[in-house]
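Bear in mind the structure is a predicted one, so any value in this text is a computation, not a measurement. Computed from heavy atoms alone, side chains included, the values below leave out hydrogens, waters and symmetry copies.
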Amino acid sequence: MEEMAKAYEPQSVEDGIYKKWLDSGYFAPENLPGDRTEPFSIVLPPPNVTGTLHMGHATMLAIEDAMVRFARLRGKKTVWIPGTDHAAIATQSKVEKMIFESEKKTRHDLGREEFLTRVKAFAQDSHDTIVNQSKKMGASLDWSREAYTLDEQRNAAVNVAFKRMYDDGLIYRGYRVVNWDPVGQTTIADDEIVHKEVEATLYTFKYGADFPIAISTTRPETKVGDTAVAVHPTDKRYKKFIGKTFDVDFAGTKLSIAVVADESVDPSFGTGALGVTPAHSTVDAEIAQRHGLPMVQVIGEDARMLPLAGPLLEGKTTKQARDIVATWLREQGLMVSEEKTVQNLSTAERSGGVVEPLPKMQWFVAVNKEFARDGKMVTLKQLMQDAVRSKQIEILPERFDKTYFHWIDNLRDWCISRQIWFGHRIPAWFKGDDVVVGENPGDGWTQDPDTLDTWFSSGLWTFSTLGWPNENAPDMKAFHPTNVLETGYDILFFWVARMVLMSTYLLGEVPFKTVYLHGLVRDEQGRKMSKSLGNIIDPLDMIAKYGADATRLSLVIGSTPGNDMKLSEERIAGFRNFTNKLWNISRFVDMTTGGLRHVETVEATTLADKWILSRLNDVIAKVTAHHETYSLSLAGELLREFTWTDFADWYLEIAKVEKGKDDILNYILERLLILWHPFMPFVTEEIYTKFNRGMLIVAEWPSVGATLVVAHENEFEKLQNAITAIRNIRSEYKVEPKKLVDVVLSNDSLMPYTDVICALARVQNLVVGEKPEASASAIVGDVEVSISLAGLVDVAKVKARMETELASVEKYIAGIRARLDGDFATNAPENIVAGERAKLAEAEARREKLMQGLNAML
RNA sequence: GCGCGCAUAGCUCAGUUGGUUAGAGCGUCACAUUGACAUUGUGAAGGUCCGUGGUUCGAGUCCACGUGCGCGCACCA
């Protein structure tokens, strides 16, 4: 038997253990032992192949792995599917940036094919890093099922989904105002926009001297594209102009401006009149549509003015054009006022470019269009709402329900085409004005050059990873809908909502039953971790320094759904101490019981045994329940409390003086390792090898009630006091506990504590009767030490303590009495009142004892 | 503007459906430490549960209003 090292060294064992798991094949459900019928499945939110994993990913892996390992230990047919996301725009812009920095070339210099080769190489690299990091974390992912949002199978799924939606009229092509990112040279979705506050000037002016209404704008250069002025229908100032059209000469362009009435105009803002630029504002485009106004595009894709903007502005940047128009207005005497204001500028999340709303021919998913489903007319929006409203999907924490509904209520058609190269090519083919969606119809047809929004393929993730579009794929039947989707709350809309859309539409079932939203990992001061702040904690560094188990614990314990978490290296170091504690508990049991071994059942003979075993049962029951409701943090805290305080600090101490506990120590330790395994898989697996019971990853979760014993609360307190007494005697008199053999009780002032002393005697294996004698003694070993307890206790201290206690008991009694005298006794439920009465009786008894003791001391 | 959240010990946070003496970790202080544990133990101090009002026999928990902070969405033309 090899002795365990004094301290646990994660670095020397973790890689070996992971390899052992891989070799066992247990990450794949078909290899799991036993006859498993109940499925448990999670698909990993695929990390973007844009780089490396950060603490957010580590949190995701730690939480999901805990869920998955728990399910596996509970005997479920468990699978956790890994994968990565091609993250279209994010990846393409990153590679573009890198290529430009090193070679000063753009993607157009390289050409589509060469550029895509470069992106693929980069993505492959990132992928390998991510996989390696996930393994370091101990993630029990089924690598045999690994998927990639841009691989062949997923592409097949995308094409089928696209065609089906197109055939149902839910995907359409339309000339609409979209968010154009002039830097990335692509359209982006509404939720890829980031608003930034910037200073701007609000110009108020008239289009021309003869135009009767003044308007306000921060973007006068767009006004060359105006076709109307909108006012509120009830606005008395302008009522007389509604329906009229004015021709004006504006900054070198001839404009024809109609005055229309629209409810959406706020009469109290500015002049109460809104210049309508249908081509360069989504809001204006909607107004224009309502009134049948023409759309004039004056800004191009390069964010420069088009010829239609007139000779004065053509070719100028929007900023230059703005100044030109402002100057022109001042010169013409048309400017009414100029004031500083704060403008919320729309920028592209990825490229940082200032978004320019432009009309473009794009592909859209219609979220408000009705289609037939099970004989009823529904919309995609309704499907998304119903899934959550009907509780088929439960969101944790619940409050995100509201956010979810709020978002869907405001949802507009989803623009899914992107003018970038990296991504799923849109499966649409053109020949003149003809369009075919699906396979290449043959010669003379050209495919749409655009690619799909990355979230289109991500939306299919729960089932594209399970073999869809083959609906008879065995994994589809076995594992869909998945049990949990665990992800950060920041992508509730981007991703979660779109998965609900795709799954309910394409499969008619929800993609998952529970959504567990974890918080963001922040630094000690609550700031986001970022490169520029230099406050990033790298998971790999932490694993190297403190071990994967400690890193995982720090991310799971103390983290509740939906709430951000502050993480510091200190915190991780604290959990490293705990992994070491568990190691040393095992080391102690190993050394003192002659080696770790499986014990099937145990019998509780002493008070301490009954207590610790009843605690264990309680912990098993509660930890199991917490896992089932995904309250991982609570489960972890409970386990830590039990392991450190109850088992290590108390029971192990008792075991040092009270022999014959070898079986119970082994019994509890083995079960403790299983209970801890979901949270700290490495150290538990390593210790478990000493039990010679095969691999812990497929052990059997302990059940409650194997040894159901109940110890009275009071007895537990006595034990604690007894242990304290041993320690005090030991330290004050420098007596080794094993040689303490005689206890003399000779002072009446200790009467209130005779129970405690009695318990102490029991722990010491001293023989005592029902009522403690004034003295008790026994001989252990060959040394006899005689100690009078009266001499050990500072009577003044005891008296003071008793007096304090008496005061608080009096107060407590008064409180209960007051309640019982009031309406409480008649109005509260009987069992509650009875409980109060019992507490009162108990407190009174305690008071009686304390008073007796105090009297004796006088 | 619309919506959501948070406020509990010095710090970070738990606190399940209201049940009556509010908990943990870290930190602080005191004591102990030849130990399975360099990473240990025991104990102590520390709280008007943001404020005000309400519902209730009973409120940290439910309701209303207020204050402070944070987040999401939309946007002002």
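A 3.5 Å limit on both hydrogen-bonding distances identifies B:G54 as the Watson-Crick or G-U partner of B:C62. Pairing for B:C73 goes to B:G1, judged as Watson-Crick or G-U wobble with the two contacts each under 3.5 Å. Remark: B:U40 base-pairs with B:A32. Criterion, Watson-Crick or G-U wobble with two distances under 3.5 Å. Judged by Watson-Crick or G-U wobble contacts below 3.5 Å, the nucleotide B:C13 has B:G23 as its partner. Here B:G18 sits opposite no nucleotide as a Watson-Crick or G-U wobble pair (both hydrogen-bonding atom distances under 3.5 Å). For B:U67, the paired nucleotide is B:A7, the pair qualifying as Watson-Crick or G-U wobble because both relevant distances are below 3.5 Å.
Here A:Leu634 lies in heavy-atom contact (under 4.0 Å) with sugar-phosphate atoms only. Using a 4.0 Å heavy-atom distance criterion, A:Asp284 is classed as making no nucleic acid contact. Heavy atoms of A:Ala573 sit nowhere under 4.0 angstrom from any nucleic acid atom. Contacts of A:Ala648 with the nucleic acid, taken as non-hydrogen atoms under 4.0 Å apart, include base atoms. Heavy atoms of A:Arg640 sit under 4.0 angstrom from primed sugar atoms or phosphate atoms, though from no base atom. A:Asp823 comes within contact range of the sugar-phosphate backbone alone, with a heavy-atom separation under 4.0 Å but no base atom that close.
Look at CG on A:Asp266: it is 14 Å from C1' on B:A74, rounded to the nearest Å. What separates CZ of A:Phe400 from P of B:C4 is a distance of 13 Å, to the nearest Å. Distance A:Phe642 CZ to B:G23 C1': 20 Å, rounded to the nearest Å. Between A:Phe494 atom CZ and B:G72 atom P there is a gap of 10 Å when expressed in whole angstrom units. If you take OH of A:Tyr404 and P of B:C2, they are 25 Å apart, rounded to a whole angstrom. Atom-to-atom, CD of A:Glu192 to P of B:A74 comes out at 12 Å; the value is rounded to the nearest Å. The distance between atom CE of A:Met680 and atom C1' of B:U39, rounded to the nearest whole Å, is 13 Å. Remark: P of B:A77 and CZ of A:Arg322 are 11 Å apart, rounded to the nearest angstrom.
With no hydrogens or angles considered, a side-chain donor-acceptor pair links A:Lys223 and A:Thr277 at under 3.5 Å.
Distance noted for atom P between B:G46 and B:A22: 14 Å (whole Å). With C1' as the reference atom, B:G58 and B:U40 are 44 Å apart, rounded to whole Å. Taking the C1' atom of each, B:A32 and B:U21 are spaced 30 Å apart, rounded to whole Å. Atom P of B:C49 sits at a distance of 11 Å from the matching atom of B:U8, rounded to the whole Å. Going from the P atom of B:C65 to that of B:C4 covers 12 Å, rounded to whole Å. Comparing the C1' positions of B:A45 and B:A30 gives an interatomic distance of 10 Å, to the nearest angstrom. B:C13 and B:G70 have their P atoms separated by 15 Å, given to the nearest Å. For the P atoms, the distance linking B:G23 with B:A38 amounts to 31 Å, nearest Å.
Checked against B:A36, B:U20, B:A77, the side chain of A:Glu836 finds its nearest nucleotide in B:U20. With distances taken from any side-chain atom of A:Glu637 to the nucleotides B:G19, B:A14, B:A36, the minimum falls on B:A14. Here the nucleotide nearest the side chain of A:Leu274, chosen from B:A36, B:U20, B:A77, is B:A77. The listed nucleotides are B:A38, B:C4, B:C26; the one nearest the side chain of A:Thr403 is B:C4. The side chain of A:His406 lies closest to B:G72 when the candidates are B:G72, B:C57, B:A38. Candidate nucleotides B:A38, B:A77, B:A36 were compared by shortest atom distance to the side chain of A:Asn584, and B:A36 ranks first. For A:Asn580, the side-chain atoms get nearest to B:U39 when compared with the rest of B:U39, B:U20, B:A36. Checked against B:A14, B:C37, B:C26, the side chain of A:Arg587 finds its nearest nucleotide in B:C37. Looking at the side chain of A:Asn577, the nearest of the listed nucleotides B:A14, B:U40, B:G19 is B:U40.
A residue-by-residue look at A:Tyr489 and A:Lys6 shows that A:Lys6 has its nearest nucleotide of RNA chain B further toward the 5' end. Residues A:Lys581 and A:Ile832 both approach RNA chain B. Their nearest nucleotides, taken by heavy-atom distance, put A:Ile832 toward the 5′ side.
Ring planes of A:Phe205 and A:Phe250: parallel class, angle under 30° (limits at 30 and 60°). Between A:Trp676 and A:Phe578, the two ring planes are tilted [angle within 30° to 60°].
Summarising the geometry of A:Trp583 relative to A:Ala5, their closest heavy-atom pair is NE1-O, 2.8 Å, with the distance given to 0.1 Å.
Ion pairing between A:Arg817 and A:Glu836 fails under the 4.0 Å rule for side-chain N and carboxylate O. In summary, A:Glu637 and A:Lys622 do not engage in a salt bridge, as defined by a charged side-chain N under 4.0 Å from a carboxylate O.
Aromatic ring centres of A:Phe679 and A:His627 lie closer together than 6.0 Å. Between A:Phe575 and A:Tyr546, the distance from one ring center to the other does not fall under 6.0 angstrom.
Considering only side-chain N and O atoms, A:Trp644 lies under 4.0 angstrom from the phosphate OP1 or OP2 of B:G41. Using a 4.0 Å cut-off, some side-chain N or O of A:Asn827 falls inside it from OP1 or OP2 of B:C57. For B:A77, one of the phosphate oxygens OP1 or OP2 lies less than 4.0 angstrom from a side-chain nitrogen or oxygen of A:Thr218.
For A:Glu628, the CD atom is densely surrounded, since the number of other residues' heavy atoms within 6.0 Å is greater than 12.
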